Structure formats: structure tokens, C-alpha cells
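Values in this document were obtained by computation on a predicted structure and should not be read as measured data. Worth knowing before you read on, the calculation uses all heavy atoms, side chains too, and leaves out hydrogens, waters and symmetry mates.
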Amino acid sequence: MGRPAPVIIAGLMTGTSADALDVALVDLHLSDGRPDNLAMELLASREVPFADGLRADILRLLAPSDVPLSLVSSVDARLGEMCAGAVEELCASTGLTCDLVVSHGQTVRHDVADGRVSATLQLGQSAWIAERIGAPVLSDVRSRDVAAGGQGAPLVSILDHLLLAGTEEPTALLNLGGIANLTVVAARRETIAFDTGPANALIDLMASRLSEGRLDCDADGALAAQGTVDQDLLSHFLADPYYSRPAPKSTGKEQLNADYLDERLRAHPHVSGLDVMATLTALTARTVADACRSHGVTAVVASGGGTRNPVLMDALNTELGEGVSLATTDEAFGLPEGAKEACLMALLGWLTWHGLPGTLPSATGASHATIAGRLSPGARPLQLPDPLPRSPRRLRVVGSAPAPGTGAGRDPASSPGAAPIPSPTSPTPQQET
């Protein structure tokens, strides 16, 4: 017998927007001793902005140009140190300790050709975390799925699948990060998931250009609100064959980058900068809504930085139409949208720790389900508990989760993981980070 399963798992996530590190302390345990019910309690979460120098170097790695290998190794080490510091500080501020750390790292390459992913690379050296925290660290959580023929994305599909267990009507969980991804769950159907296209990736690029580098996003959609959608430019973007490809599929900043944007803008030189911003916002809303329509989705639950852009959310609500409800994970599950992906990392850690797969072949396209990641020992020899005989079938978010930046200390009330989806609503405007 190995030592008891971890009680508290630290999840770390840096997304394709490369704007900040999300860190969460999560308690995952079987509910009422039943092996098919998993309970997730968010104890604390925080969003840690990148230092300007580190973010600039990450963006250099994401640009479509050659970079020195020394920059790759430097970012790998500095991001690892940052992750270690973020976990240490959150634990210190809450008085909690973690038994396992799961670090996604920063994706700098996700190579796709003819719909097949040949390689994926995340930076953020886990050894720095293991050395400083003393707990084992799970990292490199995408590569095994890619090796099994999968897209390595969207990994969030396993969390979405468990959250929506028991849903009768086709319901989608949507993440609006740099890239938008969608998971569709319905009774008597296999769960599917895929990247729909850009969420904030192109919007962020245009915001930086319009502000001459002063802005890294369209905060509150203020720029898009001043422009008008150019239908010819929008049609040019929508002609990309990616949108008509069947799932599973994935994309990233290797495709949706400055060169991609400029190639299309050169064909429409008359379109003003503000109109381009409005058009890019409409592109995100249209491609997400088209994907939802193609799978008969009747309700959408959104998370990610894009939910803090009221112009984007209003456009999405309009594109979805009256028959489709739109809510956030805060409203539907009591799960803060900014902490969802860090909680996903914690879930993957719990599954790997117990010898359970962390991927859905129907969502990623892999030939079979795989156990995610690789484990680095902490201060003590690595001892895993005996594998569980089967995976949980549903996940409940318990407790009243704190907003990012707060610590523990919450109401003990619980909310069911398959809570009713609220009617369409506009989220409270918040600044994009």
C-alpha cells in the first residue's frame, strides 16, 4: 500500500494569452465514499501577472520567427521559479500545504499539420517547483495524448464531462482564452471537444497595435465598441477551412498569429483599426455560435478571460439566439471562471495520482485514454497509492468558492455539479487581464 491520497493539490495554469499565471489550491475527494462521485472544493486561488520581462520573452517565443535556444532555456527556468514562488506564497497566505503540484507550463509550440498534432511543448521547469515546495510535481500533461494519436487538447474536456454528467440536452462548456474551445455533453452521445478558433488571440494583437503597445487586451471591449463590423473582412476570416473541419481538432498561436492577421488585413486596406477590432470580436462570437449550432447546443456555460469582455459576451449572446442560454461557470457551478483551468490541473493530478486516465478519446481523438503527465519526486521518495479500480462518473463543486486573490474561509454550503443553467445574462463588466 502507498501513502494516503493527496488531500490538497495545487494547480497551475498559464494560457495561450500569456498574460498571467493562475494558481489554485484544491481539495479533491470521493464524495460519501462513493467511487463514482468526486467532490472538488476550491480552497484558494490567485492570478499572478507575469513580470514584464518574462511576458515579453514568452511572447517572443510565441511569435512566428526563429529564436535562440538560450531564450527557450531561460524562460523554462524563470517560469519554473515563478510557479514555485506562486505556490509558496499562496500556501503561506492561507496556512495550507499541498501534497501534489500540477503545473501545465506555458505552451510555446503546438504543431498541427493536416489536422494531426505532431508535437507539443510547454515550458516551466518542474524541478524548480519540486525543489522549493518539496511536494511531487506533475507536468507535461499533453504529450502522452499526442503520442496516442490525440490532439493533446482540449484537456479541459475531462473536467467539463464530469461537471455536466447527467445532462439531458446538449450543453456546452466554453473557454474563452487566447483560443476558444468547446466541450459538448449530452445524454446518449459521446462527449466531444475541440478548439473553435480564436477567442482573444487576434483581439489582443490588435489591441497592442492600436495602443502602440500600451494595451495587451481590449479591456471591457472598449475598442470594439467604437468600431463597426466589416462584413467583407469577416467573411474572409470565416473562409478559413479550419472552421469546416470536423472535431476533434485544435489550433493555437502557431496559426493564429500576426502573420495570419496581416495576410487578411492586406486584402482589406480600407478597414480602420477600430473596425478591425469590432470584426475580430464578431469573428470569435460567430465561430463559437456556429460550432454550437452544428451540435444542437441549447445551453452554454463560459469561462476564461473573454467572459470579462461585455462586448464579446453580448455579441455571443446575440449570435447564439433566443433558444440558447448563456451563463458563466460562476453562475452555473459556483466555480470562478478565472480559476477553472487551474482546477482542471488539480483534477488531472488527482486522476494520475490514482492511476486513472485524464483524457477522453472522443474529445481528443486519441486511440485510447491515457494517464496524463510525468511525475517529479519532491523531498521524499515518490510513493503512489494503489490505483483506483475505476474513474469517477461525475464531479460536484462543493463550498462557496472564493474569487481569485482570496484565501480560504468560506460557507460550507454545497452546490450540485449539474446545477440548472441560468437564463441568458450579461456578466458584470470586469477588466480583461
Count the heavy atoms belonging to other residues, nucleotides or ligands that lie under 6.0 Å from CZ of Arg374, then report whether that count exceeds 12. no

Salt bridge flag under 4.0 Å for residues Arg55 and Asp52: no

May I ask you to decide whether Asp195 forms a salt bridge with Arg245, counting only side-chain N to carboxylate O separations under 4.0 Å? no

Pairing residues for Glu168 by the salt bridge (charged side-chain N to carboxylate O under 4.0 Å, His left out) criterion, not counting sequence neighbours: Arg188

So, does [X] use its side chain to make a donor-acceptor pair with the main chain of [Y] at under 3.5 Å?
X: His110; Y: Gln151; answer: yes
X: Ser208; Y: Leu205; answer: no
X: Asp218; Y: Ala224; answer: yes
X: Glu319; Y: Ala285; answer: no

Once you round to the nearest 0.5 Å, how far does [atom1] of [X] lie from [atom2] of [Y]?
X: Ile133; Y: Asp99; atom1: CD1; atom2: CG; value: 12.5 Å
X: Thr284; Y: Ile203; atom1: OG1; atom2: CD1; value: 4.0 Å
X: His29; Y: Leu38; atom1: NE2; atom2: CG; value: 8.0 Å
X: Phe50; Y: Asp57; atom1: CZ; atom2: CG; value: 11.5 Å
X: Asp216; Y: Leu59; atom1: CG; atom2: CG; value: 8.5 Å

Under 3.5 Å, side-chain donor or acceptor atoms of residues 79-91 against the rest of the protein: list the pairs with distances, not counting sequence neighbours.
from: Glu88; atom 1: OE1; to: Arg132; atom 2: NE; distance (Å): 2.9
from: Glu88; atom 1: OE1; to: Arg132; atom 2: NH2; distance (Å): 2.8

Is there a side-chain contact between Leu238 and Leu283 (heavy atoms, below 4.5 Å)? yes

Between [X] and [Y], a side-chain donor and acceptor under 3.5 Å:
X: Ser362; Y: Glu190; result: no
X: Thr359; Y: Thr364; result: no
X: Thr120; Y: Gln122; result: yes

